[in-house]
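The structure appears below as structure tokens.
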Amino acid sequence: MNTEESKITDDSSLLHSRLYINQLIRFILDEKPNRDSFAAIVNTSQFESLCEISEAASLIKIGIESLLTSENELLAKEEYNRLFVGPNMLPAPLWESVYLGREHLLFEEETLKVRECYRQYGLSFVRENNEPDDHIVIELEFLGYLIQKTLETTNVETKQKLLADQQAFLDDHLFKWGLSFCEHLNNATAFELYRGAAQLLAEYIRFEMDIIPFLKEALENE
């Protein structure tokens with residue numbers, strides 16, 4: 001394999017890794033605990049590799065393994081509802097506007113700004129106007145969409161634009177409030193599954209902030 005082929009392979013592997021971690025976090029935050037679907041996570045080589053380099057992922061593994069009994073599955077579902085559904089006030093609100101808005105309420109200016117980011121790519125949230133677009137899972141999904149588009153293109157200018165938009169979205173949105181969400185979630189639960197997810201998300205956001213400038217520079221030097 002020549003140097004150019006090696007570089008393309010390395011870049012692709014890095015993008016796939018970013019996308020995998022993004023998808024894993026979204027799944028945990030969005031999917032009510034289920035033994036079968038969560039057991040499938042720990043039986044993959046990607047997850048095992050992630051556990052080797054991330055204590056947060058190892059904590060998630062402990063949480064999933066404890067989920068594999070009917071009693072713990074029920075407790076995990078109750079915890080999921082307490083953290084992410086309600087009916088009581090959520091200990092770790094899932095929406096950007098709650099953290100950054102003037103009144104710390106839903107559907108504030110931040111929601112509209114995020115919506116505009118999606119629309120620039122012809123995207124819209126399927127529950128638009130019924131649930132805020134600045135939900136943590138939806139923001140991660142948009143970032144994942146940009147990463148996927150970067151994987152699919154070989155055009156350097158298109159890649160540069162996609163990376164610039166990833167950086168801007170992190171700077172203007174996810175980085176501004178995501179770490180506060182992670183801290184709230186980590187402090188709100190004793191369940192390893194969700195503490196691990198909070199810690200992995202914090203690692204992921206910081207990693208994205210570091211790696212995107214590196215990828216942009218690498219493209220500029222081609």
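Everything numeric here is computed off the predicted structure, so don't read it as measured data. Hydrogens, waters and symmetry mates play no part in the numbers below; they use all other heavy atoms, side chains included.
A distance-only check finds no donor-acceptor pair linking the side chain of S54 to the backbone of C51 [under 3.5 Å]. Not a single donor-acceptor pair under 3.5 Å links the side chain of N72 to the backbone N or O of L68.
Nearest heavy-atom pair, E157 versus N155, reported as atom, atom and distance to 0.1 Å: N-OD1, 3.0 Å. What you find for A188 and R82 is that their closest heavy atoms are O-NH2, 2.5 Å. Nearest approach of E110 to H173, heavy atoms of both residues: O-CE1, 4.4 Å. V42 and E48 make their closest contact through O-OE2, 3.5 Å (heavy atoms, listed as atom of the first residue, atom of the second, distance). The heavy-atom pair separating Y118 from I138 by the smallest distance is OH-CG2, 3.5 Å. Considering all non-hydrogen atoms of both residues, P93 and L90 come closest at CD-O, 3.7 Å.
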### Task
Begin with the C-alpha distance, continue with both residues' side-chain angles, and end with the deciding distance and a verdict on side chain to side chain contact (heavy atoms under 4.5 Å, CB included) for L112 and R115.
CA-CA 5 Å; L112 300 179; R115 183 178 296 176; 4.1 Å; yes

### Task
Apply the test side chain to side chain contact (heavy atoms under 4.5 Å, CB included) to residues N187 and R195: give CA-CA distance (whole Å), side-chain angles for both, the deciding distance (0.1 Å), then the verdict.
CA-CA 8 Å; N187 292 337; R195 286 180 53 234; over 6 Å; no

### Task
Begin with the C-alpha distance, continue with both residues' side-chain angles, and end with the deciding distance and a verdict on side chain to side chain contact (heavy atoms under 4.5 Å, CB included) for L143 and R26.
CA-CA 11 Å; L143 184 60; R26 280 192 278 133; over 6 Å; no

### Task
For side chain to side chain contact (heavy atoms under 4.5 Å, CB included), just list the numbers for L83 and E79, CA-CA rounded to whole Å, side-chain angles, deciding distance to a tenth of an Å, and then say yes or no.
CA-CA 6 Å; L83 291 171; E79 182 69 351; 3.8 Å; yes

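In this structure, CH2 in W177 is found 10.5 Å from CG in L179, a value given to the nearest 0.5 Å. One distance of note links CD of Q23 with CD1 of I147; it measures 9.0 Å at 0.5 Å rounding. Atoms OH and CG, from Y145 and L123 in turn, are 5.0 Å apart once rounded to the nearest 0.5 Å. Atom OG of residue S66 and atom CD of residue E73 lie 11.0 Å apart, to the nearest 0.5 angstrom. We find the CG-CD distance between L174 and E139 to be 5.0 Å, quoted to the nearest 0.5 Å. Rounded to the nearest 0.5 angstrom, L185 CG and Q199 CD are separated by 9.5 Å.
A donor atom on one side chain and an acceptor atom on the other are found under 3.5 Å apart for K32 and N81. S97 and D134 share a side-chain donor-acceptor pair at under 3.5 Å. A donor atom on one side chain and an acceptor atom on the other are found under 3.5 Å apart for N22 and Y204. Between the side chains of Q46 and S17, no donor-acceptor pair is found at a separation under 3.5 Å. In summary, the side chains of Q148 and E152 do present a donor paired with an acceptor at a separation below 3.5 Å, with no hydrogens or angles considered.
Looking at heavy atoms from C-beta onward, L67 lies out of side-chain contact with L75 at the 4.5 angstrom threshold. Within the 4.5 Å cutoff, side-chain heavy atoms of R18 are placed close to those of L215. The shortest distance between side-chain heavy atoms of E52 and F47 does not fall below 4.5 Å. K159 places none of its side-chain heavy atoms less than 4.5 Å from the side chain of K216. In this structure, the side chains of I28 and L200 stay at 4.5 Å or more apart for every pair of heavy atoms. When side chains are defined from C-beta on, F181 does not count as touching V98, because their heavy atoms never get closer than 4.5 Å. Between H184 and P91, the closest side-chain pair of non-hydrogen atoms is not below 4.5 Å. Looking only at side-chain heavy atoms (C-beta outward), Y20 and T44 come within less than 4.5 Å of each other.
When the side chains of ILVMFWY residues are joined at heavy-atom separations under 4.5 Å, either directly or via intervening members, F27 and L59 end up in two distinct hydrophobic clusters. No continuous path of ILVMFWY side-chain contacts below 4.5 Å connects I62 to L24, so the two sit in separate hydrophobic clusters. Under a hydrophobic-cluster definition in which Ile, Leu, Val, Met, Phe, Trp and Tyr are linked whenever side-chain heavy atoms come within less than 4.5 Å, directly or via other members, L74 and L193 are assigned to different clusters. Linking Ile, Leu, Val, Met, Phe, Trp and Tyr whenever their side-chain heavy atoms come within less than 4.5 Å puts F142 and L140 in one cluster.
With a 6.0 Å radius and a threshold of 12 heavy atoms from other residues, nucleotides or ligands, K77 has its NZ atom above the threshold. Open room surrounds CD on E55; 12 or fewer heavy atoms of other groups in view lie less than 6.0 Å from it. In this structure, E183 places its CD atom where only 12 or fewer heavy-atom neighbours from other residues, nucleotides or ligands lie under 6.0 Å away.
Ring pair F84/Y194: centre-to-centre distance below 6.0 Å. Residues Y80 and F191 keep their aromatic ring centres 6.0 Å or farther apart.
Between W95 and H135, the ring-plane angle classifies as perpendicular under the 30° and 60° cut-offs.
Salt bridge status for K161 with D165: present, with a side-chain N to carboxylate O gap under 4.0 Å. With salt bridges taken as basic N to acidic carboxylate O contacts below 4.0 Å, one links E109 and K113. Using a cut-off of 4.0 Å between Lys/Arg side-chain N and Asp/Glu carboxylate O, K176 and E96 are scored as not salt-bridged. Ion pairing of R119 with E116 is absent here, as no side-chain N (NZ or NE/NH1/NH2) approaches a carboxylate O to less than 4.0 Å.
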